[in-house]
Protein chains: 2
Amino acid sequence: MSTNLIIESITRHIRLSNEEKEHFISLLQPKIYKRKDFILEDGQVCKYSYFVTAGCLRGFTVDHNGFEHVLNFAPTGWWIADMYSLLTQKPGILNIEALENTEVLLLSKSRQEKLYHDIPQFERFFRIITENSLVSYQQRLIDNLSLTAEERYHNFCRRYPSLINTLPKKQIAAYIGVTPEFFSRMQRQMLTKGKKQQD
Amino acid sequence: MSTNLIIESITRHIRLSNEEKEHFISLLQPKIYKRKDFILEDGQVCKYSYFVTAGCLRGFTVDHNGFEHVLNFAPTGWWIADMYSLLTQKPGILNIEALENTEVLLLSKSRQEKLYHDIPQFERFFRIITENSLVSYQQRLIDNLSLTAEERYHNFCRRYPSLINTLPKKQIAAYIGVTPEFFSRMQRQMLTKGKKQQD
DNA sequence: CCCCAAACTTGATGTAGGATAAGAAATTAA
DNA sequence: TTAATTTCTTATCCTACATCAAGTTTGGGG
């Protein structure tokens, strides 16, 4: 099982003995999804946190006009879940879909709670990654209130450098909050602007 | 000292003995700000979490055109801080200002860390409120991507019912992400719409 | 109580980005 | 390889909201 990555990403924030590492790993379930598989659909209760060991997932909502809005991407090494549903155990509004064939490690809510009890350090670990996540959503909200679509695109590029060229452009558009048509126009404009600056 | 409110809001999530409560309270510093006082300015390092026991604060950023964007309000019973700066201890981008004469309890970062050590339950408490805060910023981001200004105004009303009539309208406009001019027009439209529905 | 700054409103005009449509290019499944 | 589907682009027109300007109302400090 490829658990190096998850252990490494955890021990960047807390120290664990070998037994603790093994105990933690024993709580995980590996699972494989194929491109376009849905890991979670809106209306369902989210029962797991998902850690991506290979591939890429996307979390998105569908508004009442049928348009999709991407909340987050989860490439290799990232966690994803419908936090609202996971916390409340009520039906959520998030869809999570595999953008390519993807391997994940599942940590169920009940096992996560058990983990907090068995190894209190994990309370700290999840507090820290939740804090970091909170900060980045605050920043993204401010960006959406104050930046143009083009500036938000640059922020996307900084946040997900590995995805710039691998992701369908319509997914990027749905993340920065514009239509695919406008995104296309915007890119053309950016090219001509770039050329002007070269002269 | 008016610490009933903060103890009550904490014991909604974790259980504390009387000694633990007293220890916690001993770590807090009360402070009073006057209307228009700045609790924190962008560029400063945030050294405290602030709990409002009376009055109201606002957290906002100023963009490169000089426009203000409200990240959050903190009426009585709410916490506020520049999370980014508090976590990293680097200069932040948030301003926190008193909208009226306001009483707060300060919890310094170093004391908060001491608290995690002395009473590990607090690790859980702050994890939970951070989780809840994360969920609401996620929702607000989705709302900004998918809803009209009018729908976002309704969400503001649900989130901060006590502020609808007490807050200057330009503050509400800066929260939902429109200009005061447009907010004014929007309200007039909502009135005439409401009248039509009555007929 | 009054005055002045701040907040609010209203109108005229401008613009970033959306809606629609339709064809071109790229992927996928078979 | 090809047919079918999805994605991307381009053009035209449209709308939600911004900008600018000017006047009105409000309310908090002296």
Side-chain angles (χ1 to χ4, degrees), chain A residues 33-38 55-56 58 60 62-70 97-102 143-156 163-193, chain B residues 33-38 55-56 58 60 62-70 73 97-102 143-154 156 163-193:
Chain A
Y33 292 96
K34 278 196 286 192
R35 194 177 123 81
K36 296 198 177 175
D37 277 355
F38 274 72
C56 186
R58 66 187 263 250
F60 68 99
V62 181
D63 68 26
H64 51 259
N65 296 315
F67 290 102
E68 297 183 356
H69 304 279
V70 173
E97 183 197 9
L99 288 168
E100 30 185 295
N101 297 338
T102 299
D143 290 351
N144 271 276
L145 291 172
S146 55
L147 302 183
T148 63
E150 197 172 324
E151 292 168 313
R152 296 199 305 273
Y153 172 66
H154 289 308
N155 285 350
F156 160 83
L163 302 183
I164 301 171
N165 297 308
T166 62
L167 228 51
K169 294 180 180 181
K170 62 179 292 200
Q171 300 300 342
I172 301 179
Y175 177 89
I176 66 173
V178 295
T179 58
E181 292 89 342
F182 182 76
F183 186 67
S184 182
R185 255 183 291 172
M186 203 182 82
Q187 287 204 124
R188 190 177 32 163
Q189 267 198 314
M190 286 168 64
L191 270 180
T192 59
K193 251 193 248 173
Chain B
Y33 292 96
K34 278 196 287 193
R35 195 177 123 80
K36 296 197 177 177
D37 278 356
F38 274 72
C56 185
R58 68 186 262 251
F60 68 100
V62 181
D63 69 24
H64 50 261
N65 297 315
F67 290 102
E68 296 183 358
H69 304 278
V70 173
F73 298 107
E97 183 195 10
L99 288 168
E100 31 186 291
N101 297 340
T102 299
D143 290 352
N144 271 275
L145 291 173
S146 55
L147 302 182
T148 63
E150 196 173 323
E151 291 168 314
R152 295 195 310 268
Y153 173 66
H154 290 307
F156 160 82
L163 301 184
I164 301 173
N165 297 308
T166 62
L167 227 51
K169 293 180 181 181
K170 62 178 293 198
Q171 301 299 345
I172 301 179
Y175 177 90
I176 66 173
V178 295
T179 57
E181 291 92 337
F182 183 77
F183 185 67
S184 180
R185 268 186 274 263
M186 203 182 82
Q187 287 204 126
R188 189 179 29 163
Q189 266 199 314
M190 286 168 64
L191 270 180
T192 58
K193 249 193 251 175

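Values below: all heavy atoms of this structure, side chains included; hydrogens, waters and symmetry mates excluded. Order of the sequence lines sets the chain letters (A, B, ...), proteins ahead of strands, with each chain counted from 1.
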Query raised in the report: Would you say B:Asp63's side chain and B:Phe67's backbone share a donor-acceptor pair under 3.5 angstrom?
Result: yes
Q. Just checking B:Thr179: base, sugar-phosphate only, or nothing, at a heavy-atom cut-off of under 4.0 Å?
A. base
Original post:
Is the Lys NZ or Arg CZ of B:Arg58 less than 6.0 Å from the centre of B:Phe60's six-membered ring, within 45° of the axis?
Top reply: yes
Distance check needed: [N] [atom2] versus [X] [atom1], whole Å only.
X        : N      : atom1 : atom2 : result
A:Asn65  : C:dG17 : CG    : P     : 19 Å
A:Leu145 : C:dG17 : CG    : P     : 13 Å
B:Phe67  : D:dA18 : CZ    : C1'   : 8 Å
A:Asn144 : C:dA16 : CG    : C1'   : 14 Å
A:Arg35  : C:dA29 : CZ    : C1'   : 11 Å
B:Asn101 : D:dG28 : CG    : C1'   : 11 Å
B:Met186 : C:dT10 : CE    : P     : 14 Å
B:Gln189 : C:dT10 : CD    : C1'   : 13 Å

The contact string for nucleotides 6-11 of chain D, one letter per nucleotide 5' to 3', using protein heavy atoms under 4.0 Å with B, S and - for base, sugar-phosphate only and none, comes out as -SSBBS
task = Using only heavy-atom distances, determine whether the side chains of A:Asn144 and B:Asn144 contain a donor-acceptor pair under 3.5 Å.
result = no
| query | Can a donor-acceptor pair be found between the side chains of B:Glu151 and B:Thr148 at a distance below 3.5 Å? | reply | yes
Heavy-atom nearest pair, A:Met186 first then A:Ala149, reads SD-CB, 3.7 Å
Closest non-hydrogen atoms of B:Val62 and B:Glu68, given as atom of the first, atom of the second and distance, are CG2-CG, 4.2 Å
Picking from C:dG17, C:dT28, D:dC17, the nucleotide nearest the side-chain atoms of B:Ala149 would be D:dC17
